[in-house]
Number of protein chains: 2
Amino acid sequence: MSETELSHEIADAEGENQLDEDDRLKPEYVRAVLDAVEAGDAEGARALVEPLHPADIADLFELTPHEDRPGLAHAVADLLDGDVLAEMNDYVREDLIDALDPREVADLASELDTDDAVAIIEDLDADEQREVLRQMEPDDRAAIEEALSYPEESAGRLMQRELIAVPEHWTVGDAIDYLRGHEELTTDFWEIFVVDPGHKPVGTCQLSWILRTPRFVSIADVMKREQTLIPTDMDQEEVALRFQKYALISAAVTDASGRLVGMITVDDIVHIIQEEAGEDTLLLSGAGDGDINEPIRFTVRTRLTWLTINLGATMLSASVIGLFQGEIARYALLAVLMPIISALGGNAGTQTLAVMVRALAMNQLTSSNTLRMLGREFSVAMCNGAALGMIGALGSYVVFRDPTLSAVFGIAMSFNSLVAGIVGVIVPVTLDRANIDPAVSSAVFVTTITDIMGFLSFLGLAALVGLGG
Amino acid sequence: MSETELSHEIADAEGENQLDEDDRLKPEYVRAVLDAVEAGDAEGARALVEPLHPADIADLFELTPHEDRPGLAHAVADLLDGDVLAEMNDYVREDLIDALDPREVADLASELDTDDAVAIIEDLDADEQREVLRQMEPDDRAAIEEALSYPEESAGRLMQRELIAVPEHWTVGDAIDYLRGHEELTTDFWEIFVVDPGHKPVGTCQLSWILRTPRFVSIADVMKREQTLIPTDMDQEEVALRFQKYALISAAVTDASGRLVGMITVDDIVHIIQEEAGEDTLLLSGAGDGDINEPIRFTVRTRLTWLTINLGATMLSASVIGLFQGEIARYALLAVLMPIISALGGNAGTQTLAVMVRALAMNQLTSSNTLRMLGREFSVAMCNGAALGMIGALGSYVVFRDPTLSAVFGIAMSFNSLVAGIVGVIVPVTLDRANIDPAVSSAVFVTTITDIMGFLSFLGLAALVGLGG
């Protein structure tokens, strides 16, 4: 079968068939698109891409190597609408936007709700930003400029201005007539907000309640008065936790005076929940935001900074070994066993640390239960330490037949396990109280402490009982 | 101020004031409730708890020590409805349910949508489960029994059966009249599903579209035909990724024959997104599910298993050191520097690993871009390795003034950094292709390889050039 035939077969198939069972674009499909682009067959490429969902077109760009993206963008230019850009990875989008002129960017942004338009425009340089805004309609521009006046990653940036707000004295029928009679209103809403004459929210009404209620009933009798309001300056992580905790679909955003200024919907929050929950894995290892689309020089800088800090910390713990060079020179077995103690201490510490960092991120740890958690981790560390010390002592005796060495080894291992359990709780809790993100900096403290205590207890004890003496 | 006065002051205040700025219950509030319970003042405790949102009542139980939970449950028994149980941590809920009789559990479960009722009932022992089901209304029982017939963590367990489905030939007015005319229908929906005569979904209609359209328009003209259907046997992690990717609010669940059997809404998915994204942090460190409410014996078992596996792996790498005892005895500085090499290799490997595990979990890595990612990580490792080797060589020269030692140290550090970058990609990708969760088992492979290669390169090179010879 020729390549052209193959392409057409895929293009004819339904969108579903270009995806594997994990909703990822199939490699052979990606290759077919890129082959068409490379062969100058823009129409063929367009035919292949056209059936895709915007989220999948965004994925296609992410799966395309950096250098092939402009060609692909050129071939499928008319499919690149705002929805596609909104779904795209930040770095890939910047790449693409650099290739467009401000007029085109402005057109794309105008199609979108404020929140998605802001997400695209906030990443531009100040100059480009000004130029794009200059090209937009005054209304759109004003909305975006106001959004940009809120801090990054705040509710003010996340919210969309397009929402439905109705006065309390209306009936269900009034609300339905209003929605039917005003073409310009958004269709992207799941609840309507009920406001007082000062435009302050007094209640929320699920659309299902309106649909299930006769026209003559007052909105005030249908709405729920308990509301979860989001202040414009709330950090997006807190917004995400609030959505999750109270199982919200949308929420009203209010300014400092309590007036309703915007709305956040859950579909914009799921990305943030995912990101915030996942970033701890990356932060704990010092991999920054760990985005696989990040330019390499940024990745190198982030990771190298962290590795250098760790190098310093490791040198500190190595200097503890330096104190015992005499013992090691006389009894080199000490050097063989000592990394085991530090590795296991580090491991046990990291386990506790990971649990604490998650609990802190989920707002599960308060001063009501911190002491209880310390007790819990201490008990776990006691059990694990006792078990590991025993295994270590027995194992080393079987191999080396030196009872003193085995006793020292086992005791040091148990002791370091306890140290790990305690610092694994205290370090992240202390950093959190000092308003330092425990995910970013805890690991280096915990492993340095377990390394030092591990080397010190093992080598110190060895020196004390005269091993290598 | 007496304790009673204090309690009443808090009880009089609005719900908001019992929460700190992170939506966590304030410690003094929790203490006031528990003090009232302990003093036998059930009414006082109830008055304090009554204004809370169900999610906050659930939190209150989580913040209460294990042994005080039955007393609290007794005091606020009438506030403990199904919504509270649905929001509660699994372990805490099991605790509580053990204290209730099957009749009470059945009453609670009957109040809930199928998905929440299943979440409560699926955790019970087989005997208790049978007893609770026996106490339920036949309809509820049938729905829950069917849900339980699907595999754990599948879409069939997650879905609720309560949904709105209408035929394609209806008008908007027909749909509204149907919703107004049938008391028994759910109010918990955000979209309605349009089905063909065989009850197979043909389209989805946002409620906002229905509200904004005149009564005479046909549903078929309002609905969106593109749908994201969820098969009953899909794993919840895939369901969560699909919701996130396509920004879904709700989705139809279909059985093997394509019939509409249920609906999943996004508010049930945010917990799963949060859990699945966060669990990698815990799995990578071998902390299991890392739930702070888990009984200690389970925690010890999970962590100890992992630590024992690591002990075995560390012994393997320690045996490499054993090969060079002669060199170490003659030149103990080798023992001082060697942990630095293994620590930094482990660190660099963990960075790469964390990035790859995240990318795999987010379905960002396919065979289209794996090779590119390996190249990317290799470049990063080259840069970092060169920089760290230089710093290490210079630093050790300043301290020890031995040019040969410094050269060996720097070269081994650079080399191990490269090893880390390569195994950090290859190990998780290989495990993933073999259908083994890379988050669970990658770390031990990666750090063992970087330890062995680190010790081998440093000590081997040292022996080769005659250091300690």
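Below, each value reflects all heavy atoms present in this structure, side chains not excepted, and no hydrogens, waters or symmetry copies. The structure displayed is predicted, hence computed values, not measured ones. Every chain is numbered from 1 and lettered A, B, ... according to where its sequence line falls, protein lines coming before strand lines.
- Between the Thr281(A) side chain and the Thr281(B) main chain, a donor and an acceptor come within less than 3.5 Å of each other.
- With Arg212(A) contributing its side chain and Leu179(B) its backbone, the two residues share a donor-acceptor pair below 3.5 Å.
- In this model, no donor atom of one side chain and acceptor atom of the other lie less than 3.5 Å apart for Ser368(A) and Arg24(B).
- For the set Asn310(B), Asp280(B), Asn369(B), Ile176(B), the count of heavy-atom pairs under 4.5 angstrom toward chain A peaks at Asn310(B).
- Proximity to chain B is absent for every atom of Arg301(A), based on heavy atoms less than 4.5 angstrom apart.
- With a threshold of 4.5 angstrom between heavy atoms, Glu237(A) does not approach chain B through any atom at all.
- Counting all heavy atoms, side chain and backbone alike, Ala332(A) lies closest to Ile328(B) at CB-CG2, 4.2 Å.
- Contact annotation for His271(A): both backbone and side-chain heavy atoms come within less than 4.5 Å of a heavy atom of chain B.
- Contact of Thr186(A) with chain B is made through the backbone alone, with heavy-atom distances under 4.5 Å.
- When the candidates Ile296(A), Leu207(A), Leu307(A) are compared by the number of heavy-atom contacts under 4.5 Å with chain B, Leu307(A) comes out ahead.
- With a 4.5 angstrom heavy-atom cutoff, Leu283(A) does not touch chain B via any of its atoms.
- Between chain B and the options Ile269(A), Leu388(A), Ile210(A), the largest number of non-hydrogen pairs under 4.5 Å is found for Leu388(A).
- Of the two parts of Arg372(A), only the side chain, counted from C-beta on, holds a non-hydrogen atom closer than 4.5 Å to a non-hydrogen atom of chain B.
- Judged by distance alone, the side chain of Asn363(B) and the main-chain N or O of Asp22(A) form a donor-acceptor pair under 3.5 Å.
- Interface remark: Gln274(A) contributes backbone and side-chain atoms alike to the contact with chain B (heavy atom separation under 4.5 Å).
- At a 4.5 Å heavy-atom cutoff, Glu276(B) makes no contact with chain A through either its backbone or its side chain.
- The residue among Met373(A), Met338(A), Glu87(A), Gln244(A) with the most heavy atom pairs within less than 4.5 Å of chain B is Gln244(A).
- When all heavy atoms of Ala287(B) and Gln351(A) are compared, the pair lying nearest together is CB-O, 3.8 Å.
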Worksheet item: Would Val399(A) and Met315(B) satisfy side-chain contact (heavy atoms from CB on, under 4.5 Å), going step by step from the backbone distance to the final call?
Response: CA-CA 11 Å; Val399(A) 181; Met315(B) 285 178 162; over 6 Å; no
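- Options Ala247(B), Gly278(B), Gly392(B) differ in how many heavy-atom pairs under 4.5 Å they form with chain A, and the most are formed by Gly278(B).
- No side-chain heavy atom of Gln206(B) sits less than 4.5 Å from a side-chain heavy atom of Phe189(A).
- Put simply, of Arg376(B), Glu238(B), Met234(B), the one with the most heavy-atom pairs under 4.5 Å next to chain A is Arg376(B).
- Of the possible donor and acceptor atoms, none in the side chain of Lys245(A) sits under 3.5 Å from a partner among the backbone N and O of Ala55(B).
- The closest side-chain heavy-atom distance from Ile292(B) to Gln364(A) is below 4.5 Å.
- Within the 4.5 Å cutoff, no side-chain heavy atoms of Cys383(B) are placed close to those of Arg297(A).
- Heavy atoms of Leu185(B) lying under 4.5 Å from chain A belong to its backbone as well as its side chain.
- Of the atoms belonging to Thr350(A), heavy atoms from both backbone and side chain fall under 4.5 Å from chain B.
- Using modelled atom types and a 3.5 Å distance limit, the side chains of Tyr246(A) and Asp267(B) yield no donor-acceptor pair.
- Interface residue Trp209(B): only side-chain heavy atoms are found under 4.5 Å from chain A.
- Using a 4.5 Å cut-off on side-chain heavy atoms (C-beta onward), Pro339(B) and Pro339(A) make no contact.
- A salt bridge is defined here as a Lys NZ or Arg NE, NH1 or NH2 lying under 4.0 Å from an Asp or Glu carboxylate O, and Arg358(B) with Asp291(A) fails to meet this definition.
- Side chains of Gln325(A) and Tyr331(B) form no contact here, defined as non-hydrogen atoms less than 4.5 Å apart.
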Worksheet item: When you look at Met413(A) and Leu311(B), which way does the side-chain contact (heavy atoms from CB on, under 4.5 Å) test go after all the steps?
Response: CA-CA 11 Å; Met413(A) 191 120 86; Leu311(B) 179 59; 3.9 Å; yes
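- The most heavy-atom pairs under 4.5 Å with chain B, out of Glu377(A), Arg31(A), Glu62(A), come from Glu377(A).
- In this structure, Ser208(A) contributes its side chain and Thr187(B) its backbone to a donor-acceptor pair below 3.5 Å.
- Interface remark: Ala359(A) contributes side-chain atoms only to the contact with chain B (heavy atom separation under 4.5 Å).
- Top candidate by heavy-atom pairs under 4.5 Å with chain A, chosen from Thr447(B), Thr213(B), Val30(B), is Thr213(B).
- Heavy-atom distances place the side chain of Leu241(A), and not its backbone, under 4.5 Å from chain B.
- Interface residue Val380(A): backbone and side-chain heavy atoms are both found under 4.5 Å from chain B.
- When heavy atoms are compared at a cutoff of 4.5 Å, Met362(A) approaches chain B solely by way of its side chain, counted from C-beta outward.
- Looking at Leu333(B), both its backbone and its side chain come within 4.5 Å of chain A, counting heavy atoms on both sides.
- One finds the OG1 atom of Thr314(A) at 6.0 Å from the CD1 atom of Ile340(B) (value rounded to the nearest 0.5 Å).
- Expressed to the nearest 0.5 Å, how far CG of Leu211(B) lies from CG of Leu211(A) amounts to 4.0 Å.
- Once rounded to the nearest 0.5 Å, the distance linking CG of Leu353(B) with CG of Leu282(A) reads 10.5 Å.
- Using a 4.5 Å cut-off between heavy atoms, Phe324(B) does not touch chain A at all.
- Within a 6.0 Å sphere centred on CE of Met382(A), other residues, nucleotides and ligands contribute 12 heavy atoms or fewer.
- Contacts between Ser317(A) and chain B at a heavy-atom distance below 4.5 Å are absent for every atom of the residue.
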Practice prompt. Begin with the C-alpha distance, continue with both residues' side-chain angles, and end with the deciding distance and a verdict on side-chain contact (heavy atoms from CB on, under 4.5 Å) for Thr366(B) and Leu25(A).
Written response: CA-CA 8 Å; Thr366(B) 78; Leu25(A) 291 168; over 6 Å; no
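- In this structure, Arg330(A) contributes its side chain and Ala329(B) its backbone to no donor-acceptor pair below 3.5 Å.
- Residue Asn384(A) holds its CG atom at 14.0 Å from CH2 of Trp306(B), rounded to the nearest 0.5 Å.
- Only the side chain of Ile249(B) has a heavy atom closer than 4.5 Å to any heavy atom of chain A.
- Heavy atoms closer than 4.5 Å to chain B are found in both the backbone and the side chain of Val300(A).
- Most heavy-atom pairs under 4.5 Å with chain A: of the set Asp188(B), Asp268(B), Leu284(B), Thr64(B), this distinction falls to Thr64(B).
- Interatomic distance, CZ of Arg303(A) versus OG of Ser417(B), reported as 10.0 Å (0.5 Å rounding).
- Note: Pro27(B) leads Gly288(B), Pro27(B), Ala175(B) in heavy-atom pairs under 4.5 Å with chain A.
- One distance of note links CD1 of Ile273(A) with CD1 of Ile273(B); it measures 6.0 Å at 0.5 Å rounding.
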